[in-house]
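Scope of the values below: all heavy atoms of this structure, side chains included, with no hydrogens, waters or symmetry mates.
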Amino acid sequence: MSTITLRRSNEKDSIVDKLQNEPVLDVELKNLDFAYKSRKKTFPVLEDISVRIRGAQLVSILGPNGVGKSTLIHCMNRILDPTAGAVTINGYDVDGISIKDLAKFMGYVPYSSVDNFPLSVTDTVLMGRHPHSKWGTLDDDLRIVHEMLCLIGIEDLADRNFNELSAGQHQKVMLARGLAQEPRIMFLDEPTSNLDIKYQLEITKMLRRLSREKNMMVIMISHDINIAAKYSDNIIMMHDGGIFALGKPADVITSENIKHVYDVDAKVIMDEGRPHIIMIDDDDTNYDDDHEFSVIATKSGETYKGP
Amino acid sequence: MAEKRIRGDILREGFEEFNRLYYRASKKKWMFPIVSLIVASMALMVTLGMGVYEISVPDAIMVMIDHLRDSVTDKTSDLYVWDVRLPRAIGALFVGASLAIGGAIMQNVMHNPLADPYTVGVSSGAFLGAVLSMIGGFSILPFVSEDLSTISNAFVFSLIPVAVILLISKFKRLSPTAIILLGIAMMYVFSSITQYMMITSEAEDLAEVYAWRVGSLSRITWDNLPYIVVITTALGLLLGTMYKKLDIMYTGDNNAKTLGVNAQRMRIVTLTIISLMTAAVVSFTGTIGFIGLVGPHIARIFVGSKNKYLLPASAAFGAMFLIVADSIAKVSGINGLPVGVISSMVGGPLFLYILIKQRKKVWN
């Protein structure tokens, strides 16, 4: 009995070892379906998704709420099991890889962490080392943790408890944890949703840079079309549980696509070869004249007054 | 890699400082369990002199030393100190430690600060088993003495809730909350049968049942102590080896999966081990409340939630708390009280005080 399990786990190990050594990763989703099932009804979320992502790059997944972006990522990293279809990496079905091995290979940065826990930031990021860690590797693991904290710029938070931090700081810790897994494929679910504009740009820029430096495929869900368009190598736009458009940002981010997918009027301008959208306000009412309003603040005795 | 080389020097210097601080913070966390253990070992000595039979603490310690040197002078003192009080005191340490470890892990894997080894129905199951033997004369093992049948009944019945949970989880995915609710539901069923039996029983049996219900260490002897020590130590250490995975359990099931831990399997495995460990204890002591629930909370205040420190700290605190509570229990009332009475009487207000005073958020 024990020899059989041992042999099987060795085989699984070797898949991940082989994949780790592949210079170019080739992720393929074949006819993927996913539905949530209750007793009588099924609620289809993803229908017949086939897509192939090849090589180290930053891919952004765009689309309105509830379209199945997170579900798609969850099917790829085995948080969810697809109802039909398969996910393969260089021809190997991810279903045949144990979750511990998969964690050596795929990192995940969850949507702003709801699960709050009282561990220090260092210990939280150290969890990212768990798939790789063995007895006596703590110092090496700490070195990587420290490197990632510095990379994200949160080394000053190292001793703070995770549950004492702000939402934006949580996201940075989760990013550091994902990077500490040293994955070949990194999934991020709105990694910058709670960050200020400076960090939104810095983190997205960093993800693109790391994709090249670490030969890593980065797949990121985003709601910020402009930032995604500015930094992504490719964009996947989802609509109605399927893929509506994909390709280079300039090809995907068009007024027609935005209108179709988000039902929003926008005009797209090009800036250094990248599309940038500007919202069109279709409300013609004049809100400025019919009543009085102001905001007043005082500081050191001086008064600041709005319009 | 380029990143690494350019920033290499800054990183190296920074890392030395970072590493030093990390290990310094780690060292501090051992203070609480060490102090708890020192207090516990002092209590172990003191408790030898406490009880209905009057003997001073130094004399009691001398009696123990005499026994170890094989030069027993006073047979009566030797009987009380060596044969009654010492096994009971050692038992207190292991019972307290195992209940607190069980609570610490259950609160984590169930994501519920109210979880403890009894919440899943282990104690009510054990109680029903014991009552069936004491009042109904029913024994799950045939041809055994009444004492043994109470213990074996308690052991087997305390495993029923987890068996039911395991069975249901084969067909249906159970959330942590559902598991606790299932435990509570079974607790009500067990209690109703127990109540029925108690109402229809003789007054004599009722007193015995009552003592069992409150929880007492008075049944621990040299004969059954080895079972308690071996089972709680082995299973406690086994749980201890999972400390890294237990940390990851805090992050929720989905995150755990992406970090290589199957949360549901972890929940079932730890729950089963804890039930076995608790059943082994409960079948000898009856249901001693409070420690499994509150021990981990108090430990968390001192060492935080990292399981590498939380588990030893909970164990040490649980051991210390139970032996101190039992020492007080032995000299309370006319003939001493069951420890369960004291542990709840002291523990409840202590818990309240700490909850109100504490500033650090230690649970979410």
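- Heavy atoms closer than 4.5 Å to chain B are found in the side chain of A:Leu149, but not in its backbone.
- Interface residue A:Met106: only backbone heavy atoms are found under 4.5 Å from chain B.
- Each of A:Leu119, A:Leu142, A:Thr122 has some count of heavy-atom pairs under 4.5 Å with chain B, and the biggest count is that of A:Leu142.
- Taking B:Leu181 as the reference, B:Thr177 meet the side chain to side chain contact (heavy atoms under 4.5 Å, CB included) condition, with sequence neighbours excluded.
- Applying the side chain to side chain contact (heavy atoms under 4.5 Å, CB included) test to A:Gln20 and every residue at least two apart in sequence or in another chain returns A:Val16, A:Lys104, A:Phe105, A:Arg184.
- Between A:Phe162 and B:Tyr250, the distance from one ring center to the other does not fall under 6.0 angstrom.
- Among all heavy-atom pairs drawn from A:Ile152 and A:Tyr199, the shortest one is O-CE2, 4.0 Å.
- When each of A:Met127, A:Arg129, A:Lys100, A:His74 is checked for heavy-atom pairs under 4.5 Å with chain B, A:Met127 comes out on top.
- Side chains of A:Arg160 and A:Gln169: a donor-acceptor N/O pair is absent below 3.5 angstrom, by distance only.
- Between chain B and the options A:Asp159, A:Asn77, A:Asp139, the largest number of non-hydrogen pairs under 4.5 Å is found for A:Asp139.
- For an aromatic pair to be called close, the ring centres must be under 6.0 Å apart, and B:Phe317 with B:His297 fails this.
- The parts of A:Ile79 that come within reach of chain B are both its backbone and its side chain, each placing non-hydrogen atoms under 4.5 angstrom from that chain.
- The contact between B:Asn254 and chain A is made by backbone and side chain atoms together, counting heavy-atom distances below 4.5 Å.
- Interface residue A:Arg78: only backbone heavy atoms are found under 4.5 Å from chain B.
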